[in-house]
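Let me begin by presenting the structure, written as structure tokens, before commenting on it.
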Number of protein chains: 2
Amino acid sequence: MLKLSRMTDYAVVVLARLSAEDEVQTSPSVASSTGIPEPTVAKVLKTLAAAGLVTSFRGARGGYRLSRPLSAMPVADVITAIDGPIALTACVDGATGGCECQELCCMRGRWNGVNEAIRRALGAITLADMQKDGRLMPPPLHGAAGATPQIHVPAAE
Amino acid sequence: MLKLSRMTDYAVVVLARLSAEDEVQTSPSVASSTGIPEPTVAKVLKTLAAAGLVTSFRGARGGYRLSRPLSAMPVADVITAIDGPIALTACVDGATGGCECQELCCMRGRWNGVNEAIRRALGAITLADMQKDGRLMPPPLHGAAGATPQIHVPAAE
DNA sequence: GGTAATCAGGACCAACCCAGTACAGTTACC
DNA sequence: GGTAACTGTACTGGGTTGGTCCTGATTACC
């Protein structure tokens, strides 16, 4: 179904949450304001930090902060950070491990163009774009976890 | 990963194989000429027939034939036929079953744009394009890396 | 009319991958 | 030095996917 992993979905939500405040936020606080389980948020943030999308601060009063604004963060970067390089099939440049039927496969190498098209499409859309185009701001979300502050579209630019 | 299922990969190979000859071909013959296991080929062909991409003929001397030329067959159609509608996340228009955290999810509906971009990209590329850009039919097939520049696995990351 | 070849439509199973959890270790602030 | 927070790894349960098999329906050939 050509779908991306739930972790990537979480990552986008987490990044959007981080962008809502300018100060360092801990994973428990992000978890409570997004509704995503704490350990999972921690896992996502660790991965994002390893990829350089967020900056981590260790120790007491540590936490995470965006390392660049959402407007400079293409969706492709997030997907790559979480799921690894974008490669539709095993036969694509950059994919690890070739397919075992290369000898017979008359289509080898033919996915590269398709893959490239998708990379371009995903590289052209930033997280800031995603926030904008939805334009339906989250309505007053009631009740959960007591956190009301939410995404305001940053004066991204 | 954002990768599509192996079945889709097989489908493309099978369709390319069908296009190589103009007459009806049986699934065993397609299997032997592609190297894909017979039962799997049969499964793929059945699915493709249900989606209308190939036409089936029952009975002795039956088989399958392309119902339209590859140049009129976008990659998106093949993916949709095998894997179902293209929907990156559960939150996308057309996806079945919403995600359970809609109340908190500040990103709901935001994937639509991304999804749409991918659909466009995949809808604009036909299987004939894939054959072309790979710069030709599989010449003598044995996979000496010398003549086939494409498949190196850089394991970039 | 009988037989063989072929598709149609399931059910079924094993293997793999992913999401989520837990725990021990490391770093930095107070 | 104690505490709070990130870092890294290992484990497990569940779901999905790939692949196989079986039975029935349909058609061509003898």
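Here is how names work: the chains are called A, B, and so on, in the same order as the sequence lines, proteins then strands, and each is numbered from 1.
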May I ask you to verify if any side-chain N or O of [X] is less than 4.0 angstrom from the OP1 or OP2 atom of [N]?
X: B/Ser27; N: C/dT6; result: no
X: B/Thr40; N: D/dT20; result: yes
X: A/Tyr10; N: C/dA19; result: no
X: A/Ser56; N: D/dT7; result: yes

Is it true that B/Ser32 and B/Ser29 share a donor-acceptor pair across their side chains at a distance under 3.5 Å? no
For [X] and [N], give me the distance from atom [atom1] to atom [atom2], rounded to whole Å.
X: B/Ile82; N: D/dT17; atom1: CD1; atom2: P; value: 13 Å
X: B/Tyr64; N: C/dA5; atom1: OH; atom2: P; value: 17 Å
X: B/Arg6; N: C/dC16; atom1: CZ; atom2: P; value: 10 Å
X: B/Leu48; N: C/dA8; atom1: CG; atom2: P; value: 11 Å
X: A/Leu4; N: C/dA19; atom1: CG; atom2: C1'; value: 15 Å

Out of C/dG9, D/dT20, D/dG19, whichever nucleotide has its closest atom nearest the side chain of B/Lys46: C/dG9
Proximity to the side chain of A/Lys43 - top-ranked nucleotide from D/dG18, C/dA8, C/dG20: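 Between D/dG18, C/dA8, C/dG20, the one nearest the side chain of A/Lys43 would be C/dG20.
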Suppose we call a contact any N or O donor and acceptor under 3.5 Å apart; does that hold for the side chain of B/Arg58 and the base of D/dA25?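 Counting by modelled atom types and ignoring angles, a donor-acceptor contact under 3.5 Å is found here.
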May I ask you to verify whether the side chain of B/Arg61 and the base of C/dT6 hold a donor-acceptor pair under 3.5 Å? no
Strictly below 4.0 Å, N to O, side chains only: are B/Asp83 and B/Arg6 in salt-bridge contact? no
Could you go through the side-chain contact (heavy atoms from CB on, under 4.5 Å) check for B/Thr40 and B/Met7 one step at a time? CA-CA 8 Å; B/Thr40 302; B/Met7 284 297 177; 3.8 Å; yes
If you define the side chain from C-beta out and look only at heavy atoms, does anything of A/Val75 sit under 4.5 Å from A/Thr126? no
If Ile, Leu, Val, Met, Phe, Trp and Tyr residues are connected whenever their side-chain heavy atoms lie under 4.5 Å apart, and connections chain through other members, are B/Ile125 and B/Val114 in the same group?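 Yes; B/Val114 is reachable from B/Ile125 via cluster members.
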Residue met sooner reading DNA chain D from 5', once B/Ala60 and A/Phe57 are mapped to nucleotides: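 So the residue in question is A/Phe57.
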